[in-house]
Structures are given as C-alpha cells and as structure tokens.
Chemist: 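Before I ask anything, let me first share the structure, which is written out below as structure tokens.
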Amino acid sequence: MKNIYRPIPVELIKVEEHSHDTKLFRMKRSDGKPFSTNKDGLCFIPGQFVLAGLWGYGEAPFGAASEPSEDAYMDIIVRHTGGQVTTAMHRLKRGDHLTLRGPLGNGFPLKFFSTMGDLLLVTGGCGVPPIAALIEHIIRNRADFGRVHLVYGAKTPEDVLLKEDLKRWAKSIDVIIVVEKGSKGWKGERGLVTDCLASVRLDPSNTAVAMCGPGPMIDAIEHIVNPMGITDRRIFISVERRMQCGVGRCQHCVCGDRYACTDGPVFNLDEYDINWD
Ligand SMILES: Cc1cc2nc3c(=O)[nH]c(=O)nc-3n(C[C@H](O)[C@H](O)[C@H](O)COP(=O)(O)OP(=O)(O)OC[C@H]3O[C@@H](n4cnc5c(N)ncnc54)[C@H](O)[C@@H]3O)c2cc1C
Ligand code: FES
C-alpha cells in the first residue's frame, strides 16, 4: 500500500539568493532518478505545491516554481518568515539534503486557460512561485495560449524576485512590474498592482485571470476586473493556509467547507467565496 506520508530524499543542486529574505532552492532526487511525470508529461501542474522537510525541524508547503515538464530538477522559492522550517532551510547550501512530498493539491486549469483568448496573471509578495511555473509552461507551449499579461507587484525594486526570468519572460508575454516604493534608478511603475490594471490591454469578454498573492490584493483585483466584465467563473486564485498533513487528513487547512490542500490550493471564485480571515 502506498504511504502518503512517506517523503523522497532530495539534494540541493543550487541555492540562489533573490532578495534579502528569499532564496530559490533547486532540488534533484537523491537517488538520481528523474521526477515522475503525469500523463501529460508534467512533473506537477502549475499551482500544485510540495511539502519540503528537514529532519528535526518539520515540513512546510511551497509552490513548485520551475518549468513543469522538467524532470531532472524542481525549484521552490522560500521566504524566511522567522519560523522553524524556513529558518533552517535558509541555512542550507548546495549539496545538502532535504525531503519532499508531493506534488499535492489541484493546480491551475491549464486546458481552460488555453481555450481563453487572453490570460491575466497577477501576483505579489511571495505569491510568485506558482505563477512562475504557469508562465514557464505557457512559454514552452506558447502556441496553445493567447495573449498573456503579467502584473507583478513588490514592495521595493530589491524585493522583485526572479529578475533574470522576468527579462526572459518579457520576450514572450507582456510583463508589468510595479513597486510600492521605487529606489533611485527605478524606471518601472510605482504604486499597487491595482493601479496598473487599467493600462493592461485585454479583451474582458475573452479573458481568464490567475492570481496568487496577499488576500487583500486578490479582493481588490476582483472588484476591478468584475466591472470590466470578467466574471468570477473566469478568476482562479491560489490560496495560502496553514497546513500540516497536506493530504486532507488533519483539517489544519480548512477554508469553509473545503480543504486548501486537497480541494485547492487553486479555487475558482465562482465556486467558492474565499474567507480570508
Ligand atoms: C499551498 C501553499 C503554498 C505556499 N507556497 C510558498 C512559497 O512558494 N514560498 C514561500 O516562501 N512560502 C510559501 N507558503 C508559505 C509557507 O508554507 C510558510 O511560510 C511556511 O510554512 C513557514 O514555515 P516556518 O516553520 O518557517 O514558520 P512558522 O513557524 O510555521 O510560521 C512563521 C510565521 O509565518 C506565518 N505563516 C506560516 N504559514 C503561513 C501561511 N501558510 N500563510 C500565511 N502565513 C503563514 C505564521 O503565522 C508565522 O507568523 C505556502 C503556503 C501554502 C499553504
Ligand atoms: S493540511 Fe491537513 S487537511 Fe489540509
């Protein structure tokens, strides 16, 4: 019988600092095998998460952030919260080992997105990883998707993650980066992601939205895109809830009558009115 709690050992092949409190960890399986793929050739669906664990410290959920069909490695992006797991993870170096469970949860509806004309991706703070994986998937399968717009908000230019990837993505999709507080030399947008939505040229009658970020940001965007004609049925959000088991057993991640770990973490706003408290 398959043990759903049994992790696989993984080795860090890259640890990269992306901001004062955030690092990217690239992992390969310690047994040298590739990560398993699903029937579509994906190791995970963008929006799914993994539980990374360190013996003696515990496990924590992180969105898988790399290109989903890449089976040689998987990336996660970890913000140091000051808590036990992320503090221990931020001490790790290349060659160190951790454990991995997953991929878990549902992920974004890729087939639905490919039937839509436009796709608006909105992210902020540490919500970038699942959106990064979605963009990598779109770029690899570019002909399957229409126009794609990314609006990415950060507090300052120093907090913008994946800077090199953003330059690469901008060759294939429209990218707007907005910072709340621009430092000297910042030439991009200033303000909140909500301030930039009016400048995004999209066809609301044929647009889907994928979001991952702080709850208040998601609420504010819903109130902007709904009047444009983008209904909740076409808005998908990835939520963060405190989790333990990750597999629908412990009830730690309950949101209303659903579990974020098994029914989500991606929810359609039409099906479920998220309570952010
Ligand atoms: C589905 C999912 C995907 C996630 N993806 C990422 C990711 O890609 N990158 C990333 O850096 N983080 C992500 N998180 C959040 C991450 O799991 C937590 O930051 C981590 O569990 C903290 O562990 P810790 O032991 O260091 O801190 P803890 O001791 O558990 O907590 C430290 C502080 O962080 C807060 N915190 C912990 N978990 C959460 C949470 N889920 N939501 C809000 N606040 C929390 C606590 O309230 C506390 O203030 C994700 C969470 C979920 C549920
Ligand atoms: S984390 Fe245990 S039920 Fe969701």
Side-chain angles (χ1 to χ4, degrees), residues 4-5 7 15-27 44-68 74-92 98-108 121 123-136 152 154-155 159-162 165 210-218 236-267 272 274-277:
I4 53 175
Y5 299 109
V15 178
E16 208 169 65
E17 202 159 316
H18 278 250
S19 78
H20 72 285
D21 62 358
T22 305
K23 290 184 179 177
L24 178 144
F25 296 89
R26 177 160 291 175
M27 308 165 291
F44 62 90
I45 301 166
Q48 283 192 301
F49 66 95
V50 293
L51 283 168
L54 270 171
W55 296 114
Y57 294 95
E59 290 180 314
F62 301 101
S66 37
E67 202 277 292
M74 193 184 290
D75 292 343
I76 52 174
I77 299 168
V78 178
R79 186 164 64 91
H80 181 209
T81 63
Q84 187 150 298
V85 176
T86 56
T87 300
M89 285 185 74
H90 269 244
R91 287 193 212 110
L92 297 175
L98 57 162
T99 65
L100 205 66
R101 279 203 286 138
L104 302 168
N106 56 358
F108 288 109
L121 311 176
T123 188
C126 215
V128 180
I131 298 293
L134 180 57
I135 294 170
E136 295 292 1
Y152 170 20
K155 280 205 162 59
D159 294 310
V160 175
L161 308 176
L162 302 174
D165 298 288
M211 295 194 269
C212 186
M217 179 194 96
I218 289 173
F236 295 82
I237 55 167
S238 177
V239 305
E240 282 196 12
R241 279 287 190 276
R242 301 302 298 267
M243 286 185 184
Q244 283 205 346
C245 71
V247 289
R249 299 288 195 274
C250 73
Q251 302 195 28
H252 270 81
C253 68
V254 84
C255 320
D257 61 353
R258 316 260 179 122
Y259 291 146
C261 65
T262 47
D263 299 313
V266 175
F267 290 97
Y272 188 57
I274 302 290
N275 169 16
W276 297 108
D277 299 331

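Order of listing sets the numbers, starting from 1, for every ligand and every atom in it. As the structure is a computational prediction, the values presented were derived from the model and not from experiment. Side chains are part of it too, since the values below use all heavy atoms of this structure and drop only hydrogens, waters and symmetry mates.
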Chemist: Closest heavy-atom contact between L161 and Y152?
Modeler: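 For L161 and Y152, the tightest heavy-atom pair comes out as N-OH, 2.8 Å.
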Chemist: So, the side chain of D21 versus the backbone of H80: is there a donor-acceptor pair under 3.5 Å, distance only?
Modeler: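 Here the side-chain-to-backbone pair does not exist.
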Chemist: Any protein heavy atom at under 4.0 Å, with atom 49 (O) of ligand 1 as the reference point?
Modeler: no
Chemist: Does Y57 offer a backbone N or O that forms a donor-acceptor pair with the side chain of Q84 under 3.5 Å?
Modeler: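 Confirmed, Q84 side chain pairs with Y57 backbone.
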Chemist: Within the side chain of H90, is there an N or O that forms a donor-acceptor pair under 3.5 Å with the backbone of T81?
Modeler: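 Not confirmed, H90 side chain does not pair with T81 backbone.
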Chemist: Has ligand 1 got any nitrogen or oxygen that is less than 3.5 angstrom from a nitrogen or oxygen of V239?
Modeler: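 No, there is no polar N/O contact under 3.5 Å.
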Chemist: With a 4.0 Å cut-off on heavy atoms, is C126 touching ligand 1?
Modeler: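 The answer is yes, since C126 has a heavy atom less than 4.0 Å from ligand 1.
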Chemist: Specify side chain, backbone, both or neither for T22, according to which of its non-hydrogen atoms lie closer than 4.0 Å to ligand 1.
Modeler: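 None of T22 does.
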Chemist: So if I count the atoms of ligand 1 from 1 in the order they appear, which ones are less than 4.0 Å from some heavy atom of I77?
Modeler: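 So the atoms of ligand 1 that pass are 7 (C), 8 (O), 9 (N), 10 (C), 11 (O).
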Chemist: Quick one: which ligand 1 atoms are inside 4.0 Å of a heavy atom on P129?
Modeler: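 Those qualifying, in numeric order: 8 (O).
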Chemist: With atoms numbered from 1 as shown, which atoms in ligand 1 lie under 4.0 angstrom from a non-hydrogen atom of M243?
Modeler: 1 (C), 53 (C)
Chemist: Strictly distance-based, threshold 3.5 Å: is any side-chain N or O of H18 a donor or acceptor partner for the main-chain N or O of L162?
Modeler: yes
Chemist: Verify, without hydrogens or angle tests, whether T123 (side chain) and C212 (backbone) share a donor-acceptor contact under 3.5 angstrom.
Modeler: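 Yes, the answer is positive, given that a donor and an acceptor are paired below the 3.5 Å cut-off.
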Chemist: Could you report the tightest heavy-atom contact between D159 and H20, atom names first, then the distance?
Modeler: OD1-CE1, 3.4 Å
Chemist: Sum up the protein N, O or S atoms located under 2.8 Å from atom 4 (Fe) of ligand 2.
Modeler: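 N, O or S atoms of the protein closer than 2.8 Å: 2.
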Chemist: For atom 52 (C) of ligand 1, tell me which residue out of P61, G58, A132 has the closest non-hydrogen atom.
Modeler: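 Selected option, by shortest heavy-atom distance: P61.
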Chemist: Would you verify that at least one protein heavy atom lies under 4.0 Å from atom 14 (N) of ligand 1, or report that none does?
Modeler: yes
Chemist: Counting only N and O atoms by type, is there a donor-acceptor contact under 3.5 Å from the side chain of R242 to the main-chain atoms of H252?
Modeler: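 No: the side chain of R242 does not pair with the backbone of H252.
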Chemist: Give a yes/no on ligand 1: does I76 have at least one heavy atom closer than 4.0 angstrom to it?
Modeler: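 I76: no contact with ligand 1 (<4.0 Å).
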Chemist: Which option, R242, Q84, H80, owns the non-hydrogen atom nearest atom 30 (O) of ligand 1?
Modeler: R242
Chemist: Using a heavy-atom cut-off of under 4.0 Å, does the side chain or the backbone of R79 touch ligand 1, or both, or neither?
Modeler: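 Both backbone and side chain.
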Chemist: Test side chain to side chain contact (heavy atoms under 4.5 Å, CB included) on I135 and D165 and set out the steps.
Modeler: CA-CA 10 Å; I135 294 170; D165 298 288; over 6 Å; no
Chemist: Does any N or O of ligand 1 fall below 3.5 Å from an N or O anywhere on P265, backbone included?
Modeler: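 N/O-N/O distance below 3.5 Å does not exist for this pair.
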Chemist: Minimum heavy-atom separation for F49 to G246, with atom names?
Modeler: CZ-O, 4.1 Å
Chemist: When only distance counts, is T86 in polar contact with ligand 1, meaning an N/O pair under 3.5 Å?
Modeler: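 N/O-N/O distance below 3.5 Å exists for this pair.
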Chemist: Pairs of nitrogen or oxygen atoms closer than 3.5 Å, one from V85 and one from ligand 1: do any exist?
Modeler: yes
Chemist: So if I count the atoms of ligand 1 from 1 in the order they appear, which ones are less than 4.0 Å from some heavy atom of A60?
Modeler: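 Counting from 1, the qualifying ligand atoms are 20 (C), 21 (O).
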Chemist: Any protein heavy-atom neighbour for atom 39 (C) of ligand 1 (distance below 4.0 angstrom)?
Modeler: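 It does; a protein heavy atom is within 4.0 Å.
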Chemist: To the nearest 0.5 Å, what is the distance between SG on C261 and CZ on R241?
Modeler: 12.0 Å
Chemist: Look up atom CD in E59 and atom SG in C245, then write down how far apart they are to the nearest 0.5 Å.
Modeler: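 These two atoms lie 9.5 Å from each other.
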Chemist: Main chain of D75, side chain of S66: is a donor-acceptor contact present, judged purely on distance under 3.5 Å?
Modeler: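 Judged by distance alone, yes, a pair lies under 3.5 Å.
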Chemist: Do you know which two heavy atoms are closest between I77 and F62, and how far apart they sit?
Modeler: O-CD2, 4.3 Å
